[in-house]
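Following: one structure in structure tokens, then a few remarks.
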Amino acid sequence: MNEEKWTDAVQNITMPQGMAEEVYHNCMNDYNRKSSKPTFNKWIASAAALLLFVVVFSSVTGFNVYAGVEEEVVIFFDEGINPEKVEEIQEQIKRFPDVISVKYVDSEEAWEDFAKKYLDEELMSGFTENPLKDSSNFKLKIKRDTDLKKLESQIQALDGVRKVNIKGE
Amino acid sequence: MNKDNNLEQTIQEYGNIIYRTSYVMVGNEHDAQDIMQETFIRYMKKAPVFREKEHEKAWLLTVVHNLCIDMLRFRKRHLYVNLDEVDTVSRAQDENKVIKAILLLPAKYKMVLLLYYVEGFKVSEISRMIRISESAVKKRMQRGRELLRVRMEDV
């Protein structure tokens with residue numbers, strides 16, 4: 001095969017017209033939105049709006065706003081599990097009434113977090129493969145008053161789940 | 001240099017590289033733009049400092065690789081590869097055929113081929129960038145070349 005032929009073709013791919021500007025503006029908007037520091041007046045206005053929302057929401061729905069949520073459960077999968085199975089587990093977990101949200105953390109992210117906390121650049125360069133390649137996991141946000149033992153056994157019973165870590169146990 | 005200027009300059013310098021890598025990896029313009037955008041947002045937030053220009057390019061393409069892999073995973077089974085869209089990517093008919101053949105390769109082969117042949121990284125650099133061993137990089141390149149040869153005969 002002539003490498004030049006396909007590399008030239010790929011090198012000739014360029015951004016459609018206007019995309020660079022669009023990306024630039026979207027990035028700046030995202031950056032400014034997240035880094036903007038609210039003024040004192042904005043803080044007051046936000047706090048008042050939040051309080052009003054809480055009062056109205058609580059009175060209308062009877063929802064206990066003080067129950068809160070906490071991230072307490074991490075679920076690891078069987079080795080070599082396929083993405084379809086991971087999604088199936090996610091769907092099953094979402095159906096548990098005490099689970100508020102499920103976040104997928106892939107093994108790369110798990111390794112990066114670990115490396116950031118415990119390794120310097122030189123040590124990291126010694127790894128050519130991800131040593132935590134079987135550490136993809138789900139992090140759950142669950143209701144504060146959840147029966148953790150019950151939830152743990154329910155999740156542990158799911159096909160494809162290797163381990164369930166309950167925070168603080 | 002402020003964030004505005006820095007970002008603008010970085011997009012000018014690396015925009016096409018990031019776009020074409022993302023495009024070949026995910027197979028459609030819309031997702032490629034999303035990946036490009038997210039890459040530059042991370043660049044702004046992390047504001048990494050590089051000793052050499054090549055390190056900057058390697059950093060950006062490593063982020064692109066990770067984002068593409070994430071997108072692949074979350075897109076359930078396979079990515080949405082829009083072959084009709086290819087005709088708008090390049091004006092030359094024979095180039096479009098070649099690009100279509102590349103788009104249909106599995107992602108793990110595409111990335112090493114792109115980094116090696118198109119962006120000019122060494123095997124050892126690719127190994128560090130996508131965190132696989134050098135022998136795995138070589139194997140993927142060999143397998144990728146074989147598959148591409150077959151695909152190019154079909155198109």
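All chains are named by letter (A, B, ...) in the order of the sequence lines, taking the proteins before the strands, and each is independently numbered beginning at 1. Just so it is clear, the model here is predicted, and its values are computed rather than measured.
- A single hydrophobic cluster is seen to contain both B:M152 and B:L105, as judged by linkage of ILVMFWY side chains at heavy-atom distances under 4.5 Å, directly or through other members.
- A:N26 places no side-chain N or O within 3.5 Å of a backbone atom of B:Q37 that could act as its donor or acceptor partner.
- For B:L113, the parts sitting under 4.5 Å from any heavy atom of chain A are the backbone and the side chain alike.
- Note on B:M71 and B:L103: same hydrophobic cluster, where clusters join Ile, Leu, Val, Met, Phe, Trp and Tyr whose side-chain heavy atoms are under 4.5 Å apart, directly or indirectly.
- Rounding to the nearest 0.5 Å gives a distance of 6.0 Å between CH2 of A:W6 and CG of B:L114.
- Closest approach of A:V10 and B:R20 over heavy atoms only: O-CD, 3.4 Å.
- One hydrophobic cluster holds both B:M25 and B:W59 under the rule that ILVMFWY side chains link at heavy-atom gaps under 4.5 Å.
- For the pair A:M19 and B:M36, the tightest heavy-atom approach, listed with the atom from each and the gap, is SD-SD, 4.2 Å.
- There is a path of hydrophobic side-chain contacts, each under 4.5 Å, that joins B:Y117 to B:M111.
- A donor-acceptor pair is defined here as one N or O able to donate and one able to accept, closer than 3.5 Å; no such pair exists between the side chain of B:E8 and the backbone of A:Y24.
- The part of B:I102 that comes within reach of chain A is its side chain, from C-beta onward, which places non-hydrogen atoms under 4.5 angstrom from that chain.
- Here the closest non-hydrogen pair linking B:I99 and A:A9 is CD1-O, 3.7 Å.
- Between B:F40 and A:V23, the closest heavy-atom pair is CD1-CG1, 3.9 Å.
- For B:V118, the parts lying near chain A are the backbone and the side chain together; criterion is any non-hydrogen pair under 4.5 Å.
- For the pair B:I11 and A:M15, the tightest heavy-atom approach, listed with the atom from each and the gap, is O-CE, 4.5 Å.
- The minimum heavy-atom distance between A:M28 and B:L7, with the atom names listed, is SD-CD2, 3.8 Å.
- Other residues, nucleotides and ligands contribute at most 12 non-hydrogen atoms within 6.0 Å of the OH atom of B:Y116.
- Residue A:V164 is grouped with residue A:L148 when hydrophobic side chains (ILVMFWY) are merged at heavy-atom distances under 4.5 angstrom, including chains of intermediate members.
- How far CD1 of B:I41 is from CG of A:D30: 4.0 Å, rounded to the nearest 0.5 Å.
- Counting heavy atoms from C-beta on, the side chains of A:I13 and B:Y19 come closer than 4.5 Å.
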